[in-house]
Amino acid sequence: MCIRDRVYFQKKVTKKEEPSTFNVNYHLRDVALMVSPYRSGFVPVGDERLVELEFKEKFDEAVPHMVGDSEAIYLALYQIVDNAAIAAGAKGTVSIYSKFYERFNQLQVTVADTGEGIDRDGVLKSALETEVLDPKQAGEIRKDRADHNNRIFGLMFKPRVSTFAYSDQGHKGIGLTLAFEEISSHGGKIEIYSKPGRGATLQIYLKIK
């Protein structure tokens, strides 16, 4: 668990943040730099820290400020973008977009990566090992072949279930759970699209209040 996560846990246990006014676009720009400060284009050519991870960003400047727990939304976005960067790999691409739909007063944030897609078997195994899934239900869930909001994808929001559990033991499946809880507490939702070998896309929907 990173330092920001520990601080977040301490804050949530000791004191709930008072509502504040913030802009998600500002959070997204800062998150992208926090997740990969040494990505291509941000350090001199030849720097030993240089990686070829590419970030594509397109933010709707019409996105208004919203009221809520600014730090919680920041941490949620951080976890999602960080996961995308890990999935994309050193030479992959992470795309981050925001779009405001004034008619519905709704903000959509899209975070996509060019990785191998969600490891469905890995998620299912992780869910079984952490006992958040009844083995009797595993067979039925495994039959879901959908690429959008697959029932297996939904398990990733459960505590300690990680899509990276079998490729990187350092990831214990906490980040996406935190992100899901905070987005939900703000009246939002997260949808997942992933096709094997073609990366993953998470779409976050938030009502602007």
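Given the structure is predicted, the values throughout are model-derived calculations rather than measurements.
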Next item on the list: Provide the closest heavy-atom pair for Leu53 versus Thr93 in the form atom of the first, atom of the second, distance.
Entry: CD1-N, 4.4 Å
Notebook entry, point to check: Judged by atom type as modelled, is there a donor-acceptor pair below 3.5 Å linking the side chain of Thr130 to the main-chain atoms of Ser126?
Noted result: yes
Checklist line | Full working for side-chain hydrogen bond (donor to acceptor under 3.5 Å, both in side chains) between Asp60 and Tyr97 | finding: CA-CA 8 Å; Asp60 184 352; Tyr97 307 111; over 6 Å; no
Checklist line | CZ-CD1 distance between Phe180 and Ile192, expressed to the nearest 0.5 angstrom | finding: 9.5 Å
Next item on the list: Scan side-chain atoms only and decide if Ser98 and Asn25 contain a donor-acceptor pair under the 3.5 Å cut-off.
Entry: yes
Check: Is any side-chain heavy atom of Ile174 less than 4.5 Å from a side-chain heavy atom of Gln79?
Finding: no
Item checked: Intermediate values then yes/no, side-chain contact (heavy atoms from CB on, under 4.5 Å), Val109 and Val24 -> CA-CA 9 Å; Val109 174; Val24 169; 3.9 Å; yes
Note to self: Any donor-acceptor pair under 3.5 Å linking the side-chain atoms of Asn149 with those of Tyr193?
What the structure shows: no
Notebook entry, point to check: Ignoring hydrogens and geometry, is there a side-chain-to-backbone donor-acceptor pair from Asp82 to Tyr78 under 3.5 Å?
Noted result: no
Item checked: Heavy-atom side-chain contact between Lys99 and Leu107 under 4.5 Å -> no
Check: Can you tell if the side chain of Phe153 reaches within under 4.5 Å of the side chain of Asp144, non-hydrogen atoms only?
Finding: no
Note to self: Please find the pair of heavy atoms, one from Glu182 and one from Ile73, that lie closest to each other, and give the distance.
What the structure shows: O-CD1, 4.4 Å
Check: Stepwise, does the salt bridge (charged side-chain N to carboxylate O under 4.0 Å, His left out) test hold for Asp113 with Arg198?
Finding: CA-CA 8 Å; Asp113 68 72; Arg198 298 189 180 182; over 6 Å; no
Checklist line | Which atom of Ala127 lies closest to which atom of Leu155, heavy atoms considered | finding: CB-CD1, 3.9 Å
Note to self: Hydrogens and angles aside, do His27 and Ser70 bring a side-chain donor and acceptor to less than 3.5 Å of each other?
What the structure shows: yes
Notebook entry, point to check: To the nearest 0.5 Å, what is the distance between OG (Ser162) and CG (Asp119)?
Noted result: 9.5 Å
Note to self: So, using ring pair (Phe, Tyr, Trp, His ring centres under 6.0 Å) as the criterion, who are the partners of Phe59 when residues are at least two apart?
What the structure shows: none
Check: What distance do Leu206 atom CG and Asn105 atom CG have between them, rounded to the nearest 0.5 Å?
Finding: 11.0 Å
Notebook entry, point to check: Heavy atoms, side chains only, cut-off 4.5 Å: are Thr110 and Ile96 in contact?
Noted result: no
Margin query: Please determine whether the number of non-hydrogen atoms from other residues, nucleotides or ligands lying under 6.0 Å from atom CD of Gln108 exceeds 12.
Written below: yes
Check: Between atom CZ of Arg151 and atom CG of Leu133, what is the distance when rounded to the nearest 0.5 Å?
Finding: 9.0 Å
Notebook entry, point to check: More than 12 foreign heavy atoms under 6.0 Å from NZ of Lys91: is that the case here?
Noted result: no
Next item on the list: Return the minimal non-hydrogen interatomic distance between Leu202 and Ile80, and the atom names on each side.
Entry: CD2-CG2, 4.0 Å
Next item on the list: Identify the two heavy atoms, one from Lys158 and one from Thr177, that lie closest to each other, and give their separation to 0.1 Å.
Entry: O-OG1, 3.0 Å
Next item on the list: Could you walk me through whether Lys189 and Glu191 pass salt bridge (charged side-chain N to carboxylate O under 4.0 Å, His left out), step by step?
Entry: CA-CA 7 Å; Lys189 64 179 181 177; Glu191 295 190 352; 3.4 Å; yes
Margin query: Is it true that Tyr205 and Gln203 share a donor-acceptor pair across their side chains at a distance under 3.5 Å?
Written below: yes
Margin query: Measuring centre to centre across the rings, with the benzene-like ring taken for any Trp, is Phe22 within less than 6.0 Å of His65?
Written below: no
Checklist line | Taking every non-hydrogen atom, the tightest pair across Arg120 and Asp147 | finding: NH2-OD1, 2.8 Å
Note to self: Are Leu77 and Met34 linked, directly or through intermediate hydrophobic residues, by side-chain heavy-atom contacts shorter than 4.5 Å (ILVMFWY only)?
What the structure shows: yes
Next item on the list: Starting at CE of Met66, measure out to NE2 of His186 and round the result to the nearest 0.5 Å.
Entry: 5.5 Å
Next item on the list: Rounded to the nearest 0.5 Å, what's the gap from CG on Leu33 to CZ on Phe55? Could you check?
Entry: 8.5 Å
Checklist line | Arg29 atom CZ, neighbour heavy-atom count above 12 within 6.0 Å | finding: yes
